[in-house]
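Below: the structure, in structure tokens.
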Amino acid sequence: MGCSSSLPDRNSGRLGGLNPENGGTNDAKNLRVKLVLLGDSGVGKSCIVLRFVRGQFDPTSKVTIGASFLSQTIALQDSTTVKFEIWDTAGQERYAALAPLYYRGAAVAVIVYDITSPESFAKAQYWVKELQKHGSPGIVMALVGNKADLQEKREVSAQDGMEYAEKNGMFFIETSAKTADNINQLFEEIAKRLPRPSPS
Amino acid sequence: MPSHSKSSSSSSSSFPSDDNGSDQNPSSTSNLNPPSIDQSLDAIENQLASISMFQPDTLLEPGSEPEHESESESESGVNDEIREELVNGSLNKIEELPEKSARVEVVEEEVEEEKLKASSSRVWTNVSEMEEGEVSPSPSSSGYAGERGSSVTSGIEEDVKDDDDDGNDDEIVDGVTDSQAPWTPGKRHGDEDDASISWRKRKKHFFILSHSGKPIYSRYGDEHKLAGFSATLQAIISFVENGGDRVKLVRAGKHQVVFLVKGPIYLVCISCTEEPYESLRGQLELLYGQMILILTKSVNRCFEKNPKFDMTPLLGGTDAVFSSLIHSFSWNPATFLHAYTCLPLAYATRQAAGAILQDVADSGVLFAILMCRHKVICLVGAQKASLHPDDMLLLSNFVVSSESFRTSESFSPICLPRYNPMAFLYAYVHYLDVDTYLILLTTSSDAFYHLKDCRIRIETVLLKSNVLVEVQKSMLEGGMYVEDLSLDSASRPGTVSPQVSQSRLAIDSTERLRDVFHGVGGPAGLWHFMYCSIYLDQYVSSEFSSPFNSLRQQKRLFRAYQKLYASMHEKAIGPHKTQFRRDENYVLLCWVTQDFELYAAFDPLADKALAIKACNRVCQWVKDVENEIFLLGASPFSW
């Protein structure tokens with residue numbers, strides 16, 4: 001069997017994509033979108049997803065391997081539903097080269113950093129640039145400062161995050177997966193910003 | 001207590017046993033060769049010296065004779081009194097390294113034994129005093145103070161609850177605790193470095209480093225703090241390499257330092273567990289394979305571009321994978337048998353699982369593997385694709401030790417080192433229940449949704465055909481119990497265990513018997529056995545029962561089997577066919593044929609003729625139930 005791919009080259013662009021066969025959206029009332037979470041390891045990507053999908057928070061850190069797939073549907077006030085198909089990617093360096101595999105074809109990218117870690121904020125900016133270059137055109141991007149409950153350890157100001165997000169046309173929010181603060185708002189806000197298919 | 005001893009009675013039906021071979025007159029050779037340790041050893045001198053001096057055996061049992069591994073002495077080209085040198089710090093010149101020796105072996109000899117006992121006792125006392133002033137808490141006081149004798153008795157616990165901290169290799173050498181705390185994966189004692197006394201006293205260290213001496217992985221302690229130690233190891237390896245030679249093993253007292261060079265990656269084990277060299281080397285090979293599984297061999301390219309490349313970030317978050325593998329070196333026979341084991345299941349149940357997996361494999365899945373913890377339920381490969389047992393071990397270790405797979409379905413690149421060390425495959429992993437998981441491997445990076453559909457189909461069929469329920473039952477009830485063996489050839493125990501029994505009537509009596517005889521083992525004093533089918537690359541081992549109630553006893557048996565395996569497969573004087581060995585712990589009987597290998601442990605007072613008879617009965621029993629304990633019809637592995 002052909003088994004020739006090795007460490008995938010980030011620039012090769014031959015990785016295909018992890019997309020549902022029938023594209024992203026179905027009809028105007030029931031949206032189905034592919035969402036990818038990116039960010040440095042340990043910023044809380046999995047915690048955000050598990051809080052959103054299962055309402056759980058597990059303080060013991062479990063390193064994500066490759067990427068986990070979860071889905072969650074939310075209903076908006078205008079009676080549309082949005083089904084998020086979420087790719088929670090591993091933040092480890094060895095998976096960086098594989099990221100295109102997960103973000104290709106994504107309608108939404110959530111880029112997460114940890115407000116107590118300037119390094120993770122720098123890493124977030126790397127991901128923003130990467131997506132601007134290689135992401136789907138028209139991708140909705142959100143910048144998320146997580147661990148907002150750790151105010152006393154904060155090293156990245158909300159102002160910095162907001163300014164960077166504005167400059168890059170992103171939606172910005174600070175969340176805490178631990179306290180569930182702003183988690184649902186994050187996804188609702190994303191849902192509102194999704195381009196709606198024109199009614200046909 | 002040392003886990004082995006000289007055999008009080010040792011005989012073999014056709015071959016000499018290996019344990020009293022060449023250590024008859026070790027002192028006579030030791031002075032013939034002038035000491036010839038190269039100077040690069042100088043740097044490690046103090047570290048090794050301090051490690052080698054903390055030896056509970058010499059302390060607790062000053063009268064006991066040291067045991068020598070016969071194989072290395074008979075082969076060694078260089079016999080040196082490394083101990084004396086390490087203690088005295090006087091090392092000799094490089095030029096005396098014999099050019100002709102294919103391998104450098106530095107083997108300690110008995111000559112200095114007495115002197116060392118004295119000096120180590122003295123140092124020991126000093127260190128014990130120092131230790132009270134140590135800042136970092138020593139593990140013996142860090143929360144898993146176990147009580148001697150208390151134990152996990154359940155046989156089904158053996159695969160995950162086995163404890164590396166049971167006063168053996170994880171525990172520091174003073175052996176104060178005999179902990180039975182459940183083993184948890186992940187790096188422990190990360191605060192230590194080579195200056196910590198507790199670190200130096202650990203019984204079994206594993207290191208991975210780069211050819212430039214940069215640390216990549218260390219079982220204990222912080223890799224970054226071990227840069228100096230790592231550089232010393234590198235210096236030893238490259239010094240010998242520069243002489244056109246290769247260092248494989250250094251002995252220093254009871255410590256063995258085993259080296260394995262894999263291109264730009266160096267692996268080192270420092271151990272005083274008395275495991276054979278071949279076993280430790282095999283463990284290093286697996287450790288390397290685990291690294292390849294995560295990164296592929298193409299990491300070598302990083303070193304071509306930049307020899308000083310720091311690999312630690314690439315392995316970020318994989319401590320649990322390595323620590324779990326190292327832990328399995330003390331309980332999982334697959335690590336030295338190079339075979340896998342199946343969960344006992346009724347033939348029809350396994351067939352049902354196999355049929356749906358085959359269905360999926362025909363649709364472009366390279367391998368479909370259904371497992372329960374470390375045991376295979378069913379395994380199917382695409383045409384002509386075969387999976388090496390070592391790859392299965394490494395893959396299942398990777399999945400089981402990575403907690404995130406339990407949370408949700410995942411899709412991750414992995415490499416099977418024996419299948420193709422250069423390329424990634426993509427693994428879809430999903431847990432069907434707490435213990436049971438499905439792995440679908442493909443070469444296509446965008447097959448996730450297809451594999452997800454496959455999984456849904458498989459899961460539906462497994463639920464409908466009750467396979468998952470049967471799996472849970474089998475986990476609870478276990479497989480073969482030695483108590484169920486009958487020496488009377490007329491009454492065969494036709495089944496593995498009650499849950500796969502065709503005749504429910506027989507169950508009650510079996511179970512009653514088991515209750516009555518609990519604690520006496522099987523007939524003829526049979527305590528435990530392990531049967532490995534060479535053709536199938538599968539093994540089955542009996543469930544642990546009395547007297548292997550504690551993890552410590554199970555581990556001791558494991559080590560005895562491991563040693564037996566190494567002695568049977570020793571290249572220089574083997575292969576052997578049978579071995580009968582008696583010591584104060586057990587009678588061990590090993591029988592190797594073209595078709596199978598049988599390892600059995602008996603009561604130390606067992607009668608030899610009866611033991612042999614019991615072994616024949618075990619083989620017959622295995623044959624009788626092979627439908628249930630083995631996965632049949634799987635393509636034979638052609639490596």
Side-chain angles (χ1 to χ4, degrees), chain A residues 1-9 12-23 34 40-42 45-47 49-50 52-54 56 58 60-72 85-102 104-105 119 123, chain B residues 186 294-299 301-302 311-321 364 366 381-385 398-399 401-416 419-430 441-453:
Chain A
M1 296 225 39
C3 185
S4 56
S5 68
S6 69
L7 266 181
D9 184 350
S12 71
R14 296 279 179 275
L15 282 167
L18 295 167
N19 292 309
E21 287 94 39
N22 53 349
K34 176 177 170 182
D40 208 355
S41 61
K45 297 181 291 300
S46 302
C47 290
V49 176
L50 288 177
F52 172 57
V53 174
R54 302 195 185 144
Q56 300 166 345
D58 183 352
T60 63
S61 67
K62 290 172 182 170
V63 184
T64 304
I65 303 294
S68 301
F69 180 85
L70 296 102
S71 61
Q72 172 74 306
E85 299 193 331
I86 303 168
W87 281 101
D88 171 24
T89 66
Q92 256 73 33
E93 189 177 314
R94 68 178 170 281
Y95 296 113
L98 296 160
L101 182 63
Y102 304 110
R104 182 145 305 132
E119 296 80 35
K123 188 81 186 187
Chain B
I294 297 166
L295 294 175
T296 78
K297 221 171 162 179
S298 52
V299 289
R301 289 209 298 258
C302 301
M311 227 177 95
T312 41
L314 280 185
L315 289 172
T318 55
D319 275 338
V321 178
L366 189 59
Q383 258 192 334
K384 288 184 183 168
F398 180 72
V399 171
S401 62
S402 304
E403 278 294 310
S404 81
F405 287 125
R406 295 169 195 275
T407 323
S408 56
E409 55 193 326
S410 301
F411 191 61
S412 172
I414 59 104
C415 166
L416 296 179
Y419 184 74
N420 182 350
M422 294 308 293
F424 273 125
L425 297 172
Y426 296 87
Y428 173 93
V429 181
H430 184 73
L441 295 175
T442 173
T443 53
S444 157
S445 62
D446 52 8
F448 173 81
Y449 288 96
H450 173 60
L451 299 183
K452 185 178 164 69
D453 290 342

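Computed from a prediction, not measured in an experiment: that's the story for all the values here. Values reported hereafter were calculated over all heavy atoms of this structure, with side chains retained and with hydrogens, waters and symmetry mates removed. Order of the sequence lines sets the chain letters (A, B, ...), proteins ahead of strands, with each chain counted from 1.
Atom OG of B:S445 sits about 9.0 Å away from atom CZ of A:R104, to the nearest 0.5 Å. The line from CZ of A:F69 to OH of B:Y428 is 9.0 Å long, rounded to the nearest 0.5 Å.
Of the atoms belonging to A:S68, heavy atoms from both backbone and side chain fall under 4.5 Å from chain B. Only the side chain of B:K452 comes within contact range of chain A, with at least one heavy atom under 4.5 Å from a heavy atom of that chain. Residue B:T407 touches chain A through both its backbone and its side chain, counting heavy-atom pairs closer than 4.5 Å.
The side-chain heavy atoms of B:P413 and A:L98, taken from C-beta on, include a pair separated by under 4.5 Å. With contacts defined as side-chain heavy-atom distances shorter than 4.5 Å, the pair B:F448/A:Y102 does not qualify. Looking at heavy atoms from C-beta onward, A:Q92 lies out of side-chain contact with B:I294 at the 4.5 angstrom threshold.
B:S404 pairs in a side-chain contact (heavy atoms from CB on, under 4.5 Å) with only one of the listed residues (A:V63, A:D88, A:I65), which is A:I65.
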**Request:** Carefully, step by step, assess B:T318 and A:R94 under the rule side-chain contact (heavy atoms from CB on, under 4.5 Å).
**Result:** CA-CA 11 Å; B:T318 55; A:R94 68 178 170 281; 3.2 Å; yes

